[in-house]
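Worth knowing before you read on, the calculation uses all heavy atoms, side chains too, and leaves out hydrogens, waters and symmetry mates. Protein chains get the first letters and strands the later ones, always in sequence-line order, with residue 1 at the start of each.
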Amino acid sequence: MRLSRFFLPVLKETPADAQIVSHRLMLRAGMIRQEAAGIYSWLPLGFRVLKKIEQIVREEQDRAGAVELLMPTLQPADLWRESGRYEDYGKEMLRIVDRHERDLLYGPTNEEMITAIFRSYCRSYKDLPKTLYHIQWKFRDEIRPRFGVMRGREFLMKDSYSFDLDEASARRAYNRMFVAYLNTFARLGLKAVPMRADTGPIGGDLSHEFIILAETGESEVFCDSRLVDMGAPGLDVDFDGDLQPLVDARTSLYAATEEMHEADRFVSEVPEERRLSARGIEVGHIFYFGTKYSAPLGANVTHPDGKDRPVHMGSYGVGVSRLLGAIIEAHHDEAGCIWPESVAPFGIGIINLKPGDADTDAACQSAYEALVKAGKDPLLDDTNERPGGKFATMDLIGVPWQLIIGPRGLKEGKVEIKRRATGERFEASLESVLSQLTAEQTGQ
RNA sequence: CGGGGCGUAGCGCAGCCUGGUAGCGCAUCUGCUUUGGGAGCAGAGGGUCGCAAGUUCGAAUCUUGCCGCCCCGACCA
């Protein structure tokens, strides 16, 4: 992409309304535009990152055996009357009336609908297990939206739903998502820590929030520091195998959010040097809820013994749009965003320091073409802005690598490559820089 | 929903108390000079002062109502 053709409305000044760093940077980098409280347009730069995050989430769901579908944003109220949640949900649910005076709602979640889909096609234990998911916009009419996309009213969410014959099987489905989430967040450049969450009326130990640690996190969390650096199981995990040991290795260590924190247990279970209290952002939540929806909605299957029983379900959410904010909170500096390569809006930025200079233009052009050909998704700054402005913009939007080409360096046969994350710069000939860049694998 | 605050040029703000010509910085446009970390000079364009009613000879400024947005709290992916 050439910057002269792209749509990148960067702001030099910080908008007054933005309180936290990710919100400020997303506005300044021209990634989002607020349309109403908690409702945003995704401008091209932000949209690119959003799509990349979405795709990684999708790939890891697929790898774990989940099957993608797409349910609508609008749902009939009757479905929610069946589960009893139409009345219970309260004002967070956006209710809409159509021209025939039928009650609709903009979905805040999809348990009812997925259960209705399941019940109309699946009758036998032979249809199980199944895990279905979709990535769709949701709306929750939060009393007070804030922090940009971190707590918007409209948000993009991946939600999966598992259907199993019994609790033991449901636990295996739960474990698959547990592991898939660890891999997903790792690929996004995040260290996510699973923390025991409130299971509500169901009870048991099958609910976890996935928290990433960031100074500007919204809630206080407490955990064993070994969890933070434990690393993800890896993409070669056998999802058909026994995942329990992988899950146990993590759930056996203390980790709790403010609401679930037990100070005395923390002290007794975790040696002092490993007691970590930090701030965190919830980016995922997994949940086993048994027959909470299948029973009232009549999602039954016939068991081998010939009897019908409600299926055991779980749901598993990832806040896809929130993840942009979360990743920025975890990866930024004074100058702007620092995207992990896996989600960066562009792979590399090429800065033409002097458009109009024949040698510089030619070098930029050949670099651009070579990088396009290598699939590196370069952004070429071919505008007439001054060098200082170009550096600042490239730093702000957080492209992982900057290839800086100007007449001064070219005179000595050199270009400069800068790594955004560390600020390291190297000088070398254009040829060697390009052969190195086009040779290496896309990082994660 | 309780408490607080803000709506004036695309963005950031002053002006409002004490009513009378709508201003500053950045951005934008034109010209010249500049060009390796957000340039300089000269000039230009751009405003229903959130909306509505009221007071007044006269309202950005005073009064009332409404709308929108932000912050703190209770709630959430």
Side-chain angles (χ1 to χ4, degrees), chain A residues 9-20 23-24 27-28 30 33-39 53 57 89-93 107-110 135-160 181 192 197-198 207-212 218-219 257-259 280-287 315-326 334-336 351-357 360 381 383-396 402-412 414-416 418 423 425 427:
Chain A
V10 299
L11 305 175
K12 220 189 246 186
E13 288 175 274
T14 300
D17 288 346
Q19 225 59 43
I20 63 168
H23 190 194
R24 281 200 298 269
L27 290 168
R28 285 198 53 216
R33 180 184 125 89
Q34 179 168 318
E35 302 296 353
I39 300 178
I53 294 172
V57 171
Y89 217 94
K91 289 188 173 174
E92 270 193 8
M93 182 148 78
T109 178
N110 286 69
I135 300 173
Q136 177 63 290
W137 293 92
K138 305 277 190 295
F139 194 92
R140 288 182 196 170
D141 200 355
E142 297 283 345
I143 295 164
R144 187 152 91 85
R146 57 181 131 174
F147 305 149
V149 299
M150 297 270 283
R151 260 190 58 191
R153 291 194 291 172
E154 189 184 45
F155 56 96
L156 186 63
M157 183 176 172
K158 188 286 301 177
D159 40 327
S160 310
Y181 276 28
D198 192 1
S207 180
H208 287 88
E209 292 180 2
F210 287 75
I211 302 283
I212 69 151
E218 38 187 352
S219 53
T257 57
E258 229 163 338
E259 311 84 67
I281 301 166
E282 183 184 349
V283 289
H285 196 161
I286 63 178
F287 213 96
S315 76
Y316 315 88
V318 170
V320 175
S321 49
R322 161 180 282 197
L323 274 166
L324 267 93
E334 294 299 302
I351 297 178
N352 182 334
L353 286 171
K354 190 162 187 176
D357 178 81
T360 308
D381 189 344
T383 64
N384 281 319
E385 236 205 299
R386 306 168 59 77
K390 293 187 176 188
F391 292 131
T393 297
M394 214 52 97
D395 284 350
L396 175 62
Q402 297 171 16
L403 179 55
I404 301 159
I405 302 178
R408 207 170 77 188
L410 285 177
K411 242 175 243 167
E412 297 160 33
K414 285 185 174 160
V415 298
E416 190 176 320
K418 172 180 153 184
R425 301 144 172 274
E427 281 198 332

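Under the side-chain hydrogen bond (donor to acceptor under 3.5 Å, both in side chains) criterion, A:R33 pairs with A:E35, not counting sequence neighbours. Partners of A:K414 according to the side-chain hydrogen bond (donor to acceptor under 3.5 Å, both in side chains) rule, which considers only residues two or more places apart in sequence or in another chain, do not exist here. Take A:Q34 and apply the side-chain hydrogen bond (donor to acceptor under 3.5 Å, both in side chains) test, not counting sequence neighbours, and it matches A:Y40. Applying the side-chain hydrogen bond (donor to acceptor under 3.5 Å, both in side chains) test to A:N352 and every residue at least two apart in sequence or in another chain returns A:D361. Checked against salt bridge (charged side-chain N to carboxylate O under 4.0 Å, His left out), A:R153 has the following partners two or more places apart in sequence or in another chain: A:D141. A:R140 pairs by the salt bridge (charged side-chain N to carboxylate O under 4.0 Å, His left out) definition with nothing, not counting sequence neighbours. Remark: A:E416 engages A:R425 in a salt bridge (charged side-chain N to carboxylate O under 4.0 Å, His left out) (not counting sequence neighbours). In this structure, the side-chain contact (heavy atoms from CB on, under 4.5 Å) partners of A:N384, at least two apart in sequence or on a different chain, are A:P355. Every side-chain contact (heavy atoms from CB on, under 4.5 Å) that A:E258 has, sequence neighbours left out, goes to A:S219, A:E220.
A donor-acceptor contact shorter than 3.5 Å links the side chain of A:K390 to the backbone of A:T383.
Within the nucleic acid shown, A:T109 has no heavy atom closer than 4.0 Å to any nucleic acid atom. At the heavy-atom level, A:L323 lies nowhere under 4.0 Å from the strands shown. If you check every strand for non-hydrogen atoms under 4.0 Å, A:N384 touches nothing. Residue A:A37 is in sugar-phosphate contact alone, with no base atom involved, counting any heavy-atom pair closer than 4.0 Å across all strands shown. A:R28 comes within 4.0 angstrom of a nucleotide base, judged by non-hydrogen atoms across all strands. A:G90 comes within 4.0 angstrom of nothing in the nucleic acid, heavy atoms only. Among the protein residues, A:G389 comes within range of the nucleic acid bases, having at least one heavy atom under 4.0 Å from a base atom.
To the nearest whole angstrom, the two P atoms, one in B:U33 and one in B:G7, are 43 Å apart. Taking the P atoms as reference points, B:G47 lies 22 Å from B:A53, given to the whole Å. Separating the C1' atom of B:G50 from that of B:C70 is a span of 15 Å, rounded to the nearest Å. Spacing between B:C16 and B:U61 at atom P, rounded to whole Å, works out to 12 Å. Separating the C1' atom of B:A22 from that of B:U8 is a span of 8 Å, rounded to the nearest Å. Between B:A14 and B:G25, the two P atoms lie 16 Å apart (nearest whole Å). Comparing the C1' positions of B:A27 and B:G45 gives a spacing of 13 Å, expressed to the nearest Å. Comparing the same atom, P, in B:G68 and in B:G54 gives a spacing of 23 Å after rounding to whole Å.
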Strictly under 3.5 Å: I want the nitrogen or oxygen pairs between protein and nucleotides 43-45 of chain B, one per line.
none

Restricting both atoms to N or O, compile the protein contacts to nucleotides 5-11 of chain B shorter than 3.5 Å, with distance only.
| residue | atom | partner | partner atom | Å |
| --- | --- | --- | --- | --- |
| B:C11 | O2 | A:E13 | OE1 | 3.2 |

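The CD1 atom of A:I351 sits 12 Å away from the C1' atom of B:G38 (whole-angstrom rounding). To the nearest angstrom, P of B:G36 lies 13 Å from CG of A:D357. Going from atom CG of A:D381 over to atom P of B:G38 covers 15 Å, rounded to whole Å. Separating the CD atom of A:E385 from the C1' atom of B:C26 is a distance of 13 Å, rounded to the nearest angstrom. Atoms CG (A:D17) and P (B:C70) sit 6 Å apart, rounded to a whole Å. Across the protein-nucleic acid pair, A:L353 atom CG and B:G37 atom P stand 9 Å apart, rounded to whole Å. Protein atom CZ of A:F391 is 15 Å distant from nucleotide atom P of B:U35, rounded to whole Å. The distance between atom NE2 of A:H23 and atom C1' of B:C70, rounded to the nearest whole Å, is 10 Å.
Checking B:C6 for Watson-Crick or G-U wobble geometry (two distances, each under 3.5 Å) identifies B:G68 as its partner. In this structure, B:U34 forms no base pair with any nucleotide, since neither Watson-Crick nor G-U wobble geometry is met with both distances under 3.5 Å. Base pairing annotation: B:C1 forms a Watson-Crick or G-U wobble pair with B:G73, both donor-acceptor distances under 3.5 Å. Pair assignment for B:C17 gives none, since no Watson-Crick or G-U wobble pairing has each distance under 3.5 Å. When both pairing distances are held under 3.5 Å, B:A22 makes no Watson-Crick or G-U pair with any nucleotide shown. B:G43 is paired with B:C29 under the criterion used here, namely a Watson-Crick or G-U wobble arrangement in which both key atom distances are under 3.5 Å. In this structure, B:G58 forms no base pair with any nucleotide, since neither Watson-Crick nor G-U wobble geometry is met with both distances under 3.5 Å.
For A:Q136 and A:D159, the side-chain atoms include no donor-acceptor pair closer than 3.5 Å.
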Under a 4.0 Å heavy-atom criterion, the protein footprint on nucleotides 72-77 of chain B, written with B, S and -, is BBBBBB
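Using a 4.0 Å cut-off between charged nitrogen and carboxylate oxygen, A:D357 and A:R408 do not count as a salt-bridge pair.
Taking OG1 from A:T393 and NZ from A:K12, the interatomic distance works out to 9.0 Å, rounded to the nearest 0.5 Å. Between the NZ atom of A:K138 and the NZ atom of A:K158 there is a distance of 10.0 Å, given to the nearest 0.5 Å.
Considering all non-hydrogen atoms of both residues, A:S321 and A:L156 come closest at OG-N, 2.8 Å.
Side-chain atoms of A:K12 stay outside donor-acceptor range of the base of B:G25, with no qualifying N/O pair under 3.5 Å.
Between A:V10 and A:Q34, it is A:V10 whose nearest contact on RNA chain B lies nearer the 5' terminus.
Put simply, A:K91 has a side-chain N or O that comes within less than 4.0 Å of OP1 or OP2 on B:C1.
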